[in-house]
2 protein chains.
Amino acid sequence: MRPRISLALALLGLISAMTSAQAAGKDTPSIQQILKASKSSEWRALNPDNTLYMDLPDGRVVIELAPWWSPKHVANIKTLVREHYFDHTSIYRVQDNFVAQWGDPDSDNPKKAKSMGTAKTHLPPEYDRSYDTSMSFTALPDGDVYAPQVGFSHGFPTARDPKTHRTWIAHCYGTVGVARDVDPTSGNGNTLYAVIGQARRIDHNLAVAGRVVQGMPLLSSLPRGDDANIGVYAKPSQRTPILRVRLAADVPAAQREHLQVLRTDSATFARIVDAKRHRHDAFYRDPPGHASLCSLDVPVRVDPKFAH
Amino acid sequence: MRPRISLALALLGLISAMTSAQAAGKDTPSIQQILKASKSSEWRALNPDNTLYMDLPDGRVVIELAPWWSPKHVANIKTLVREHYFDHTSIYRVQDNFVAQWGDPDSDNPKKAKSMGTAKTHLPPEYDRSYDTSMSFTALPDGDVYAPQVGFSHGFPTARDPKTHRTWIAHCYGTVGVARDVDPTSGNGNTLYAVIGQARRIDHNLAVAGRVVQGMPLLSSLPRGDDANIGVYAKPSQRTPILRVRLAADVPAAQREHLQVLRTDSATFARIVDAKRHRHDAFYRDPPGHASLCSLDVPVRVDPKFAH
């Protein structure tokens, strides 16, 4: 008799599932077990000064900003957020297997565009930056199609070129970038996008503002826009309204999300990467032995002190 | 003054967009122009005997089957389709950044499961197959994290190992696979999934039935299921009903979709791959120079004889 469907499906979906202990090989722990055994010091709280809450009708998207990589863009975005620029804007473009994009749909129409307030309209490109050996970087061993080296740095999926000593955040699923025109200084943070599919081709061609740490399904499950116009919705009624965007620091502490992200330089993260590369579980006939950068999620949890 | 938003967005979304001629570099054609210059002989009509129409309330998903890779599974799926097994089943699992899965949600419950009719309940694994030099294979030049060689074969994204002479269809976006339990013979085609995110880790661990050639947004934009249960919807009311699944050959010829797929061994496809790798367009400051297997879509169109 076949196993019950819930076990069958659990085995099929090992990566993101809370797998039962039976699903792992006899002597190898499941991802769930590895996480359970983590130390509290291996988790870091999100910095409220670098965390955005984007409230949509169906829930909240939490974004961790990346000031180390794009300081000017992050600062400009914070100015926009604090001046309530994004409130009552919308998600107006969703292109299948690429991006969901939001902001003021009329931002390029001088007659209708929302005021940028004190934020800058142009910024120097921050598509990549220099690094040295002091940079925290947890390399992945399986190579990459696009970059000489890939790995994780402070929780972000990154790539780097040891010849040029340049590094950039990779456009993996959940990466939040700064939309721009052809003019390389025209990206100012008033228009942002989250990667919902394949987007490595635009690595180091746009500034990356951060990444979504919670709420991706709110973006990835949106109806797709007009494929003949790169996913822009034909009708304004199709857009998803953004109720408001706030910096977590501006939300009373007791009302914050209290999220923690697993440190990507932790032993637990290394064990998870190893488990995902080797898939020691009965379901796999041929474990992959490899894991691409964008196939690896960084675990997020509610601080146990606040979990119910 | 910034360019109008439609041009700006077009430049940002070059891959899937119908790009204007301005968007390409001066001497290099856009993807749209390359496609326009294709010869009719470079397009192949879908074989109605190997094409499924899955009708959902919001539209049709068209799936091209892959009998060369999984002959027994494809034959069994056709039996199920012809015996109307899938009619009134549902999409009951959507796991973010992984798969959308469908069939009979009670298929593992002997008291409730739909009859499999004359279809087989178990099949030998067809996770990969042998190949020789006669196999049509258009290699990609940029490597792969998971496999020694990747490329396209008869329109399918494939990988292969020249040491073992085994080849398999890669679990790229749109690949349709055969769900199973731990028992490697338990995948019989009554439960199928389409990749909506990152799934290369399950390459050559499940049989691939084919790929979605039209209608992916109908699957990729579905609400996600319960993340604590690998995306299975908690409530039956959340499921998307499947009205019916038919083989195109069983639909009167005049009512078929008349789709054509660009031959992946054509000169036009080679030009498109080159254009995507090198991104000769003003928007890119640093063209990627590379393209991963799963970042490359195979163009599909309506046969011009039937287009309105």
Side-chain angles (χ1 to χ4, degrees), chain A residues 1-6 8-13 15-18 93 95-98 107-109 125 127 142-146 173 179 181-182 184 186 197-198 200-201 203-205 216-217 220-224 227-232 276 279 282-286 288 290-292 294-295, chain B residues 2-6 8-13 15-18 93 95-98 107-110 125 127 142-146 173 179 181-182 184 186 197-198 200-201 203-205 216-217 220-224 227-232 276 279 282-286 288 290-292 294-295:
Chain A
M1 188 69 69
R2 278 222 284 209
R4 287 185 52 230
I5 201 172
S6 57
L9 293 175
L11 292 166
L12 181 67
I15 264 199
S16 309
M18 315 263 274
R93 171 192 180 201
Q95 186 172 354
D96 195 49
N97 201 21
F98 193 46
S107 64
D108 281 345
N109 180 341
Y127 305 164
D142 298 318
D144 185 72
V145 171
Y146 292 90
Y173 190 77
D181 304 327
V182 176
S186 62
Q198 298 274 334
R200 293 291 307 279
R201 63 189 181 268
D203 277 5
H204 55 71
N205 278 287
M216 266 309 291
S220 62
S221 67
L222 291 174
R224 278 32 180 171
D227 198 51
N229 189 21
I230 60 167
V232 176
K276 289 187 173 184
R279 297 284 166 188
F283 184 83
Y284 282 79
R285 183 193 74 173
D286 303 328
H290 307 86
S292 65
C294 294
S295 73
Chain B
R2 277 222 287 213
R4 285 185 54 231
I5 201 172
S6 57
L9 294 174
L11 292 166
L12 182 66
I15 263 197
S16 308
M18 317 263 277
R93 170 191 180 202
Q95 187 173 354
D96 196 49
N97 201 22
F98 193 46
S107 64
D108 281 344
N109 181 341
Y127 304 164
D142 299 316
D144 185 71
V145 171
Y146 293 90
Y173 190 77
D181 304 328
V182 176
S186 62
Q198 298 275 334
R200 292 292 306 281
R201 63 190 182 269
D203 277 5
H204 57 69
N205 278 287
M216 267 310 290
S220 61
S221 67
L222 291 174
R224 278 34 179 170
D227 197 52
N229 190 21
I230 59 168
V232 176
K276 290 186 174 184
R279 298 283 166 190
F283 184 83
Y284 283 79
R285 183 193 75 173
D286 303 328
H290 307 85
S292 66
C294 293
S295 74

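To find a chain, count down the sequence lines: A is the first, B the second, and so on, and within it residues start at 1. Both backbone and side-chain heavy atoms feed into the values below; hydrogens, waters and symmetry mates do not.
Residues forming a side-chain contact (heavy atoms from CB on, under 4.5 Å) with B:Pro288 (at least two apart in sequence, or on another chain): A:Tyr146, A:Arg201, B:Arg279, B:Tyr284. Every residue two or more places apart in sequence or in another chain was checked for a side-chain hydrogen bond (donor to acceptor under 3.5 Å, both in side chains) with A:Asn205, and none qualifies.
Nearest heavy-atom pair across A:Asp142 and A:His290 is OD2-CA, 3.2 Å.
Between chain A and the residues B:Ala291, B:Ser221, B:Pro184, the largest count of heavy-atom pairs under 4.5 Å involves B:Ser221. Among B:Cys294, B:Gly231, B:Gly197, B:Pro125, the residue with the largest count of heavy-atom pairs under 4.5 Å with chain A is B:Cys294.
Heavy atoms closer than 4.5 Å to chain B are found in the backbone of A:Pro223, but not in its side chain.
Within the 4.5 Å cutoff, side-chain heavy atoms of B:Asp96 are placed close to those of A:Met216.
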